[in-house]
Amino acid sequence: MSAAPELNPEQREAVEHGEGPLLVLAGAGSGKTRVLTARIARLIDEGVPPWHILAVTFTNRAAGEMTRRIGALLGEPPAGLWSGTFHALGARLLRREADVLDRDAHFTIYDRDDSLRAVKMAMEEVGVDPDRWSPAAVRSRIGAAKGRLTGPGDLETETFDLLSRRVAEVYPAYEAILRRCNAYDFDDLLSRTVRLLEEEDEVRERYAGRFLHVLVDEYQDTNHAQYRMVRALASGHGNVCVVGDDDQSIYGWRGADVGNILDFERDFPGAHVVRLERNYRSTAPILQVANAVIARNTARKPKELRTVRGGGDPVQVVRTADERAEAEWAVREIAGLSDRFHPGDVAVLYRTNAQSRPFEEALRREGVPYRIVGGVRFYERREIKDVLAYLQLVVNPADEAAFLRVVNWPRRGIGSVTLGRLLAGRGEGENLLETAGHAAEVPEIPAGGARSLEAFAGAVRELHAVQREEPARAVARACLERFSLRTALSEEEDGEERVANVDELLAGIAEFDPSGVEDAPEDAGELELFLQHVALLSDIDRYDPERGSVSLMTLHNAKGLEFPVVFVAGLERGLFPLGRAEESVEEYEEERRLFYVGVTRARDRLYLTHADRRWRAGSGGESSPSPFLDELPEDPVERRRAGWAGRAASGRRAGRAGSRDSAWRGKRDDGSGGDFSWRIGPGSGKKRSAGSGSDEEDDDGGVRYDYGDTQEVLSFEPGERIVHPSFGTGTIRGLEGAGRAVKLTIEFDEGGTRKVMPAYAELRPE
DNA sequence: CATACACTGGTTTTT
DNA sequence: CCAGTGTATG
């Protein structure tokens, strides 16, 4: 068969293993993705139809990548293979099997925000005081209960713990609200699916009979509900292959249970175990550090990564004055590596998203292209969530979280008192929008407010009536129009940027290909499919690693990725390990595993940085080095202080923020990456040659990029011609802002001028 | 009764 | 540094 690339004996063993449970304990960088893809390809190659295989991954991106690689091995796409996250799998099953459930197939998925709104409503209904009991805490306890598969009726109401009592009261009301709204929250996608599979024998047998092979990646980060889902799907045949590494379990705080992987052999008797400890990724010094660090954890299966690579630079521990110096030093170091590495080879990893800012500023100042994964997510921006709530409401008028979010935005004179009366006046079996539709009959609602509510409800219903037939783009446009959302946004602070973001959302809707959605309800409109799609998107799903930019992300987001050069920043007490984690052995060991994950992302060079002073949550303070830094071995580690040397050069550039720079700031690397060189220093490297030739000479010693002639480059200069995926061709007329926030004013040939943020629109040169 | 503005407190990581 | 809440005003 063709499906096996070079595999070592252990990898081959895992790929060739036949029927029955298989546990692959795969150390970092040991080629587990290769094993998974090769195994699936082998199964297909030997005659197992792809639709008999289920592959569960941690992110949608990983699923897509795996499917692509299997296709490459086989020479054709594995049609019918199911792959995706547990949440996506759950959503898909819940839609397919909606007839036996208490939500129909058009259900809405509530994120944490929506869910919190529903919890507040529930607390209101059962009379639990939100000032005394934090709705967020209640929500999180309900989520935890769902993760343990504890139902609304199963919580102890007579317990000593008062919060638990309140949660026990709120949980059933919360469930009733979700049901009324035809919504599932994130946790339901797992727990409800498990209940479906465990309680409905016919359903379980049908899927266990369909998925003759179940494969699960990152098994160490599954929670109890996910474990039970796997168990139900594998019931009967027992062909489960799980891959993971207990040392990389970093989601305990979210309910993940390392016990799942540690107890696999007990849960699936007769399991064959394969250990992958040969590391193909990192140099010896990096692995020595990684092994030394993780060896200090007590709760783990002993193992040691062995490198197959020789040589390697020592690991650098760098101390700087403050977070600004940390970032500036790192960026200069990145520039200094330009003879060996591209910006796209580099990742800066940190514990909290808030740490990204100084790095962004330094990178922007030096003109180094970068991309951020996570942080303030596009789909979580206020204006985006508001517009999405409108669309959600139009698709599902029963969605009360969406209703509450937008009922008084833009202002239409519905304050908290009117809203309270509306809630109180809700008729039996009625949702809020229906009540709003006849608000004039609801006692004590003033006439003005009632008219306003009725008009609002009427408009939502009108749009709902056409939403199934019309293209998503048209419904979205009509919705913006009908509620004057664009006007409302433009009048707010940062209005232009908000409007631009919403335009990008519209562009995303226009680009969306509904044919890619599997198992959608037959009578679902396009807009509904779009909303289903974005509900399960994660930050890392939007990340395209093939580009030539420095990557900035949290350590959690970096799981499963690798980079030639890695900076782990902010190694300070209280920051990493974070908070009070030092006080609890479990938490401390989880932070240490997170550190281990960070270290093992690096192929060739690893930097660990910390600062003496750091501004945190608005107030400054002294920072002391992380205890992790005391756990490193002496030898392949170099410690140094990045004082003020080299600062002169950076200072000289610091004040310079001319218009020439802005082209670079907004520069978006394209997909071809890899074959360009870049250098630093006066006179080194010639200008990039793409564009309209309007480059001025860059006369100081800045970082420069010299792209090969084959590379498409977007330089974003006024006058240049570009192609926008939904608006077509146009000419750049203006440019403002910086970094990800850069906005271009583009005059489109189709007519009309609009502002576009290249950070969200896939602009290409004409 | 709605809204604008000042203040306070809490503060990770994310499918 | 942010969001969510309390107070003054229209």
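Proteins come first, then strands; the chains are lettered A, B, ... in the order of their sequence lines, and each starts at number 1.
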What is the distance, rounded to the nearest whole Å, between atom CG of A:Leu190 and atom P of B:dT14?
-> 18 Å

Indicate, with a heavy-atom threshold strictly under 4.0 Å, whether A:Asn557 touches base, sugar-phosphate, or nothing.
-> sugar-phosphate

Residue from A:Thr108, A:Leu178, A:Leu101 passing side chain to side chain contact (heavy atoms under 4.5 Å, CB included) with A:Tyr184 | A:Leu101

Full working for ring pair (Phe, Tyr, Trp, His ring centres under 6.0 Å) between A:Phe456 and A:Phe403 = CA-CA 10 Å; A:Phe456 173 71; A:Phe403 176 94; 5.8 Å; yes

If you check the A:Arg421 side chain, which of B:dT13, B:dC1, B:dT14 turns out closest?
-> B:dC1

Cation-pi check, A:Arg103 to A:Phe107: give yes when NZ or CZ is under 6.0 Å from the six-membered ring centre and within 45° of the ring axis, no otherwise.
-> no

Does the A:Gln392 side chain pair with the main chain of A:Leu531, one donor and one acceptor, at a distance under 3.5 Å?
-> no

By nearest-heavy-atom nucleotide on DNA chain B, the more 5' of A:Gln226 and A:Glu591 is A:Glu591

How many Å lie between CG on A:Asn60 and C1' on B:dT14, as a whole number?
-> 13 Å

Step by step, work out the ring pair (Phe, Tyr, Trp, His ring centres under 6.0 Å) result for A:Tyr588 and A:Phe628.
-> CA-CA 10 Å; A:Tyr588 187 74; A:Phe628 294 150; 5.4 Å; yes

Short side-chain to backbone donor-acceptor contact, A:Asn396 and A:Cys181, under 3.5 Å = yes

Between A:Trp615 (CH2) and B:dT11 (C1'), how many Å, whole number?
-> 18 Å

Starting from the 5' end of DNA chain B, give me the residue, A:Gly415 or A:Leu537, whose nearest nucleotide shows up first.
-> A:Gly415

For A:Thr418, which contact category applies under a 4.0 Å heavy-atom criterion: base, sugar-phosphate, or nothing?
-> sugar-phosphate

Closest nucleotide among B:dA2, B:dT3, B:dT13 to the A:Arg411 side chain = B:dT3

Using a 4.0 Å heavy-atom cut-off across all strands, classify A:Gly579 as base, sugar-phosphate, or nothing.
-> nothing

Between A:Ile414 (CD1) and B:dA2 (P), how many Å, whole number?
-> 8 Å

So, is A:Thr352 close to the B:dT11 phosphate, meaning a side-chain N or O under 4.0 Å from OP1 or OP2?
-> no

Candidate nucleotides B:dT15, B:dT14, B:dA4, ranked by approach to the side chain of A:Asn353 - the nearest = B:dT14

What is the distance from CG of A:Asp187 to P of B:dT14, rounded to the nearest Å?
-> 16 Å

Closest to side chain of A:Phe186, choosing from B:dT15, B:dA2, C:dC2 | B:dT15

Heavy-atom protein contacts under 4.0 Å, nucleotides 4-10 of chain C, coded B base, S sugar-phosphate only, - none = -------

Nearest whole angstrom, please: distance from the C1' of C:dC2 to the CD of A:Gln355.
-> 17 Å

Kindly say whether A:Leu94 contributes a backbone atom to a donor-acceptor pair with the side chain of A:Glu97 at under 3.5 angstrom?
-> no

Whole angstrom is fine here: how far is it from CZ in A:Arg357 over to C1' in C:dC2?
-> 10 Å

Base, sugar-phosphate, or nothing: which does A:Arg580 touch, judged by heavy atoms less than 4.0 Å apart?
-> nothing

Looking at every strand, decide which applies to A:Asn408 at a 4.0 Å heavy-atom threshold: base, sugar-phosphate, or nothing.
-> sugar-phosphate

Could you tell me whether the phosphate oxygens of B:dA2, OP1 or OP2, come under 4.0 Å of any side-chain nitrogen or oxygen in A:Arg412?
-> no

Less than 5.5 Å between centroids and less than 30° between ring planes, does A:Trp253 satisfy that with B:dT13?
-> yes

Sugar-phosphate only, base, or nothing, as touched by A:Phe58 at under 4.0 Å among non-hydrogen atoms | sugar-phosphate

Nearest-Å distance for atom pair CZ/C1', residues A:Arg112 and C:dA3 = 13 Å

No-hydrogen, no-angle side-chain donor-acceptor test under 3.5 Å, A:Asp245 and A:Tyr219 = no

